[in-house]
Amino acid sequence: MHLSKVRLVDFRNFKELETEFSEGLNVFYGDNAQGKTNLLEAIYFLCNLKPVRSNKEQHLVAFDKTKAYLKGIFTTSSGPVDREILLNIGDRKKVRECDVEKKRLSELYWQIHAVFFSPDDLSLVKGRPSERRRFLDLLITRLRPQYGRYLAEYSRALSQRNRLLKDLKKNRTLLCALEAWDEQLAALGSVILKTRMAFLEKLFPLVKRYYFYFSRDERQIDIKYESTVALPGVSPEAFREAFSSALRKSLPQDVESGFTQVGPHRDDLQFLLGGKDLRYFGSQGEQRTLSLSVKFAERQMFFEVTGVYPILLLDDALSELDVKRRRWLLQGEEISQVFVTTADLSAIPEDVLKKGRIYRIKAGALRWS
Ligand SMILES: Nc1ncnc2c1ncn2[C@@H]1O[C@H](COP(=O)(O)OP(=O)(O)O)[C@@H](O)[C@H]1O
Ligand SMILES: [Mg+2]
């Protein structure tokens with residue numbers, strides 16, 4: 001699967017752009033603040049239909065405009081798939097695939113996926129727990145659309161329960177109504193937990209493997225799923241019971257705060273290097289390497305489930321790495337399409353560069369040489 005053509009109108013600093021891409025390596029080259037990252041972001045948005053970070057979609061529309069348009073033509077094993085997105089400030093985005101408007105994300109061609117890595121973006125390691133959950137949920141949803149539906153239902157049940165908790169403070173007789181929501185939360189939440197566990201069991205070893213490859217650090221890297229529901233030793237079948245009992249236990253605090261304190265919506269991931277939490281004790285280099293390793297694990301995982309490698313987007317990622325690893329990173333083009341930005345072409349080994357297509361980006365316009 002690769003992106004063969006793109007057209008952008010009023011997307012960030014691109015007024016209008018239309019171009020083709022190589023199915024291997026594509027290099028976006030130019031000075032700072034010209035639009036290199038913006039173009040990667042456009043590709044990510046076309047693939048994953050979400051902004052790279054938890055940015056607001058409106059931010060993607062060019063400053064003085066109210067609408068933006070993106071179109072991508074992907075080449076897939078089942079033929080060309082063309083996808084259009086219309087962003088309209090103050091309205092929901094519209095997505096069309098092969099000329100049909102799609103209401104649900106899950107109806108879209110599911111094998112189109114992009115992985116974005118920027119060494120400046122340490123949100124996965126240093127950001128709030130919600131950012132790690134977002135990463136996890138986005139990826140699982142892509143691979144198991146059913147999971148997305150459970151998440152949506154869970155979040156509906158959760159807001160109902162929270163509303164009830166707030167009312168409970170004034171009116172104790174509502175306590176009996178809580179039971180129904182607890183049951184729903186436990187049922188949906190345990191499916192979410194179970195799916196996350198099964199998924200992480202595959203993801204974690206990959207992260208460790210890549211971390212070792214990129215760092216050559218002999219210290220043990222560990223990743224833990226920090227659950228607000230006591231899980232250690234609990235078999236997946238017993239998640240529901242564990243969750244119910246956690247809800248019962250936290251009821252007094254929940255009523256006090258008007259908010260459900262336990263459940264997958266409060267869980268987090270913890271990364272440990274040599275037993276120390278990387279969030280607080282890791283050097284910036286270690287945090288970057290971890291974040292890169294997680295992205296590579298995501299890519300590999302996607303391949304293992306779908307048989308298709310996602311598109312790889314590398315934003316200024318080369319300066320950190322030695323030549324051997326740079327080469328390895330870019331030669332990903334043998335297995336998937338790669339887009340890389342750089343202000344310095346000499347960061348790319350000459351023989352690798354020769355095989356790629358170079359685009360010069362200047363003030364929201366593009367020229368290829
Ligand atoms: N919504 C937007 N509309 C117009 N210009 C934007 C928008 N968002 C960012 N920009 C501009 O894009 C430029 C940065 O582009 P970027 O892709 O980050 O550059 P770089 O080439 O350094 O990666 C800045 O000049 C910024 O003002
Ligand atoms: Mg940039």
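In each ligand, atom 1 is the first atom listed, and ligand 1 is the first ligand listed.
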Nearest 0.5 angstrom please: [X] [atom1] to [Y] [atom2], how far?
X      : Y      : atom1 : atom2 : value
Leu39  : Thr341 : CG    : OG1   : 10.0 Å
Ile73  : Asp82  : CD1   : CG    : 5.5 Å
Lys36  : Arg360 : NZ    : CZ    : 9.5 Å
Arg104 : Lys102 : CZ    : NZ    : 12.0 Å

### Query
Would you find a donor on one side and an acceptor on the other, under 3.5 Å apart, between the side chain of Asn48 and the backbone of His113?
no
#### Entry: Ser283 side chain vs Glu286 backbone, donor-acceptor pair below 3.5 Å
yes
### Query
Testing Leu272, Leu278, Leu273, Val207 for side chain to side chain contact (heavy atoms under 4.5 Å, CB included) with Asp222, which one passes?
Leu272
Pull out every atom of ligand 1 sitting under 4.0 Å from any heavy atom of [X], numbered as shown with elements.
X     : answer
His59 : 1 (N)
Lys36 : 17 (O), 19 (O), 20 (P), 21 (O), 22 (O), 23 (O)
Asp31 : 21 (O)
Gln34 : 19 (O), 20 (P), 21 (O)
Asn13 : 4 (C), 5 (N), 6 (C), 12 (O)
Asn32 : 22 (O)

Shortest protein heavy-atom distance from [atom], along with the residue and atom involved:
atom                    : value
atom 2 (C) of ligand 1  : Phe63 CE2, 3.3 Å
atom 15 (O) of ligand 1 : Asn38 ND2, 3.2 Å
atom 23 (O) of ligand 1 : Thr37 OG1, 2.7 Å

Quick one: does NZ or CZ of [X] land under 6.0 Å from the six-membered ring centre of [Y], within 45 degrees of the ring axis?
X      : Y      : answer
Arg149 : Tyr147 : no
Arg196 : Tyr225 : no
Arg83  : Phe74  : yes

### Task
Identify which one of Glu23, Arg299, His2 satisfies the side chain to side chain donor-acceptor pair (under 3.5 Å) criterion when paired with Ser336.
Arg299
### Message
One residue to check: Val61. Relative to ligand 1, which of side chain, backbone, both or neither has a non-hydrogen atom less than 4.0 Å away?
### Response
backbone
### Structural part of Asp315 in contact with ligand 1, heavy atom criterion under 4.0 angstrom
neither
### Query
Within less than 4.0 angstrom of ligand 1, does Gly35 place any heavy atom?
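Yes; Gly35 lies near enough to ligand 1 that a heavy-atom distance drops under 4.0 Å.
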### Task
Tell me who clusters with Leu165, hydrophobic residues only, linked when side chains sit under 4.5 Å apart either directly or through other members.
Leu164, Leu168, Leu174, Leu175, Leu178, Trp181, Leu251, Val255
### Task
Identify which of Arg12, Gln58, Glu41 has a heavy atom lying nearest to atom 8 (N) of ligand 1.
Arg12
### Message
Out of Ala363, Ala33, Gly364, who is nearest to atom 13 (C) of ligand 1 when you count heavy atoms only?
### Response
Ala33
### Query
Is there at least one protein heavy-atom neighbour under 4.0 Å from atom 26 (C) of ligand 1?
no
### Message
Evaluate Asp121 against Ser123 for side-chain hydrogen bond (donor to acceptor under 3.5 Å, both in side chains), listing each step before the verdict.
### Response
CA-CA 6 Å; Asp121 177 14; Ser123 57; 2.6 Å; yes
#### Entry: Sub-2.8 Å protein N, O or S atoms surrounding the Mg ion (ligand 2)
Thr37 OG1
